[in-house]
Every structure is written in structure tokens, then in C-alpha cells.
Amino acid sequence: MHRGIRVLALLAGYTTLGFSGDYVAGLVAHDPPSVRLPAAEHAVGVALAAASSSDRCAFEVERKASLDAPLADMLHVDVGAGELRVEGRDGLSGIQVVGRACASARDNLDALQVALGSEGGDIELRAHYPEHSGRHRWGGEDYARIDLVVLVPRGMAIDLKDSSGGMELSGTGALHIEDSSGEIVVRDANGAVTIDDSSGGIDVSGVVGDVSIQDGSGGIEVSNVKGRLELRDGSGSIHAEHVEGDVVVAGDGSGSIDVRDVRGDFQVRSDGSGGIRYSTVGGKVDIPRDKHASHRGS
């Protein structure tokens, strides 16, 4: 991620925030329930210390939540404006969340909250914002956001909805991402990856499963996929390499297409403007007849 997440020191504190589930965590001066997260405090501290952000922040406060969930298979994340980092770690039996609430006015900090709880056997993480701000960063001198770092057990599936701000996910299971704007980086996903994005660059590498991407605008980089790759892009370049299954460009509005080292077929069903290049395709190559494509040597 080009811009890291800057969240300051950890702050102990928990309170009930009011949606159904085992419990949710927020910010009061009580000790948290015991959770079996070996070295999680150190791991989060290292992750936060290594990240920084140039975004302004007139008023800020830390947010922290954790939940023991050794049998949970899925984490549902519903957040709005702010940077997000989700990292799967070996040895964890629960979820740990650390964040920084940032606003242009002190009065808005109380409304910037993080809620974590169980729902039907899965885990839900929600970020809450001032009512008049909606789910988006305001313009001009008014802003409100929550930057989050989330540690999960390695291989946990993630269902994520986000409105704005960059995100980075690593060490997870299957991923389903719906995003409005901001860069998306995915590394080391043990499961299928589905991304529906309006705008912003997408960089995906190391997926044990199929990858499906629908993007409005922004460049797409995909590499090291064990399954099939299908793409639909409005504008921006597409680069894909080291794919064991088929590579299918279902539709591309504008921007170059560059594909190499594909064991399956390579197909472009529809392409607006921009060149097509490919090399080392193990299966068939199917490109619209009206498009000029260049084949590189292996």
C-alpha cells in the first residue's frame, strides 16, 4: 500500500455498543475479557509502529476491541472512510482490532466507534460514524474517519464492505470485497477472491483459488494464482502473470492488457481501446478479430 496506516499506541477499553451478539467492544476504562491471542499485543504494536500516514488529523483517539472466537469461520467487516489493514496470523484464536479515530472537530470523536461481536456463528466488525457524515470523508476542512488494523487467525474468510480509503489484506482465507474507492492490496489468500470496486488500483498476489475482479477504473495487477482469473475493467491497464487456470478478460473499456505465463486458456471477450500483449500461454488464445495483439517470445 502506497500510504500506510498510522494508528498510535494501544489503548485498553471496552464497553457495550448495542448490536446483538456475545459482546461488542468500544472505549471505557475497564479491563477486557481474556482472549487467547499469543503475542498479539506485540504483533499489533509492531504493525502500527511501522505504518505512517500524511493525512491531517486535528483531533484523534485510539479505539481497541478484541473477541475470542476459536470456532468462527468468517469475519464480516463493514467500515467507511479510513485506511484498513487485515492480517492473518498463526496461533490466534480470536480477533484483535486497533484503530485511530480522526476528526476535524472534537465533538465528532464520540461518534467514531468500533463494534466487534458474534452473530450466528460468524464475527462482525463495524465502524460507526457521525450521522451527518454518512459513510464518506467530508470535503474541505471537515473530515471524519477511522484507520484500523485487524489481526485474525490465519486463513479466516473475510466478507468486507468499505466506502473509501486504501486497504491491505494478507494471510486470510476466501475474500469477498465491495469497495467504492481506494487502493486494494491482497497477499497470500487461501481461498477464492472476489473484488467489486468502483475506483482505485488493485494488486493481488498469491491466491490459492479463483480470482474474480470487477473494477470501474484503476490499474489491475494480478500474479501467482492457483485457479482461474476473470476480469472486467472500465479503464486502466491490466497485467496478469503466473496463473495456473484460464485468464478471461470479460470486458475492458480502455487501457493495455499484458498477460504472461498462463497454463490455461487466454480469452478477451470484449476490448475497447489499448494494446494486447501475451506470452507463454499453455492453452488456446481467443482475441477479438478486430484487435491487434502482439505475442512476445517465451
Side-chain angles (χ1 to χ4, degrees), residues 1-7 10 35-51 64-79 82-99 114 116 118 121-125 127 147-162 165-179 182-195 197 200-213 220-227 229 242-244:
M1 183 179 300
H2 297 307
R3 292 189 310 163
I5 304 170
R6 177 179 174 268
V7 188
L10 303 179
V35 292
R36 295 184 296 277
L37 301 175
E41 292 283 341
H42 175 72
V44 175
V46 170
L48 300 183
K64 179 184 176 183
S66 65
L67 178 62
D68 194 13
L71 301 180
D73 295 323
M74 172 82 72
L75 173 64
H76 299 273
V77 181
D78 189 352
V79 294
E83 305 289 324
L84 174 66
R85 176 175 173 179
V86 180
E87 183 175 347
R89 289 289 183 93
D90 292 323
L92 298 187
S93 63
I95 315 296
Q96 180 147 338
V97 182
V98 182
V114 174
L116 179 66
S118 64
D122 292 338
I123 307 300
E124 293 191 1
L125 169 63
D147 298 332
L148 294 172
V149 173
V150 184
L151 293 187
V152 303
R154 180 174 290 276
M156 173 171 274
I158 308 292
D159 178 24
L160 170 62
K161 294 182 180 180
D162 181 50
M167 69 176 71
E168 181 176 355
L169 302 97
S170 63
T172 70
L175 287 174
H176 181 266
I177 299 172
E178 295 182 24
D179 182 49
E183 181 184 25
I184 298 173
V185 177
V186 174
R187 296 284 184 268
D188 186 23
N190 189 18
V193 173
T194 302
I195 299 174
D197 182 47
I202 298 174
D203 186 350
V204 177
S205 179
V207 177
V208 182
D210 296 338
V211 176
S212 175
I213 298 175
I220 299 175
E221 299 268 347
V222 181
S223 63
N224 298 307
V225 174
K226 298 294 185 182
L229 170 62
H242 310 312
V243 179
E244 294 194 6

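Bear in mind the structure is a predicted one, so any value in this text is a computation, not a measurement.
Distance CD1/Ile202 to CD1/Ile213: 5.0 Å, rounded to 0.5 Å. In this structure, the separation between OG on Ser118 and CG on Leu75 is 12.0 Å, given to the nearest 0.5 Å. Summarising the geometry, atom CD1 belonging to Ile95 is positioned 7.0 Å from atom CG belonging to Leu116; distances are rounded to the nearest 0.5 Å. A distance of 13.5 Å separates NZ in Lys161 from CD1 in Ile177, rounded to the nearest 0.5 Å. Separation of atoms CZ (Arg187) and OG1 (Thr172) is listed at 12.0 Å; rounding is to 0.5 Å. The distance from the CG atom of Leu148 to the CE atom of Met167 is 11.0 Å, given to the nearest 0.5 Å.
Considering only residues two or more places apart in sequence or on other chains, His176 meets the side chain to side chain donor-acceptor pair (under 3.5 Å) condition with Asp159. With sequence neighbours excluded, the residues satisfying side-chain contact (heavy atoms from CB on, under 4.5 Å) with Ala72 are Ala69, Ile123, Met156. Applying the salt bridge (Lys or Arg N to Asp or Glu O under 4.0 Å) rule to Arg154 yields the partners Asp90, Asp188; only residues at least two apart in sequence or on another chain are considered. In this structure, Ser212 has no side chain to side chain donor-acceptor pair (under 3.5 Å) partners at least two apart in sequence or on a different chain. With sequence neighbours excluded, no residue forms a side chain to side chain donor-acceptor pair (under 3.5 Å) with Asp210. The side chain to side chain donor-acceptor pair (under 3.5 Å) test applied to Asp122 returns His76, not counting sequence neighbours. Residues satisfying the salt bridge (Lys or Arg N to Asp or Glu O under 4.0 Å) test with Glu178, not counting sequence neighbours, are none.
The two residues Ala189 and Val186 make their nearest non-hydrogen contact at CB-CG1, 4.2 Å. Residue Val207 comes nearest to Gly191 through the heavy atom pair CG1-O, 3.3 Å, listed as atom of the first residue, atom of the second, then distance. When every heavy atom of Pro153 is checked against every heavy atom of Gly94, the shortest pair comes out as CD-O, 3.3 Å. Annotation for Gly227 and Val243: closest pair O-CG1, 3.5 Å, computed over non-hydrogen atoms. Residues Asp68 and Pro70 come closest through the heavy atom pair OD1-CD, 3.6 Å.
For the pairing with Val204, the side-chain contact (heavy atoms from CB on, under 4.5 Å) check across Ile184, Val185, Ile195 returns one residue only, Ile195.
Residues Leu84 and Leu160 have side chains in contact (heavy-atom distance under 4.5 Å, counting atoms from C-beta outward). Looking at Val150 and Val77, their side chains never come closer than 4.5 Å, going by heavy atoms from C-beta outward.
We find that Glu87 and Arg85 are joined by a salt bridge, their nearest charged nitrogen and carboxylate oxygen being less than 4.0 Å apart.
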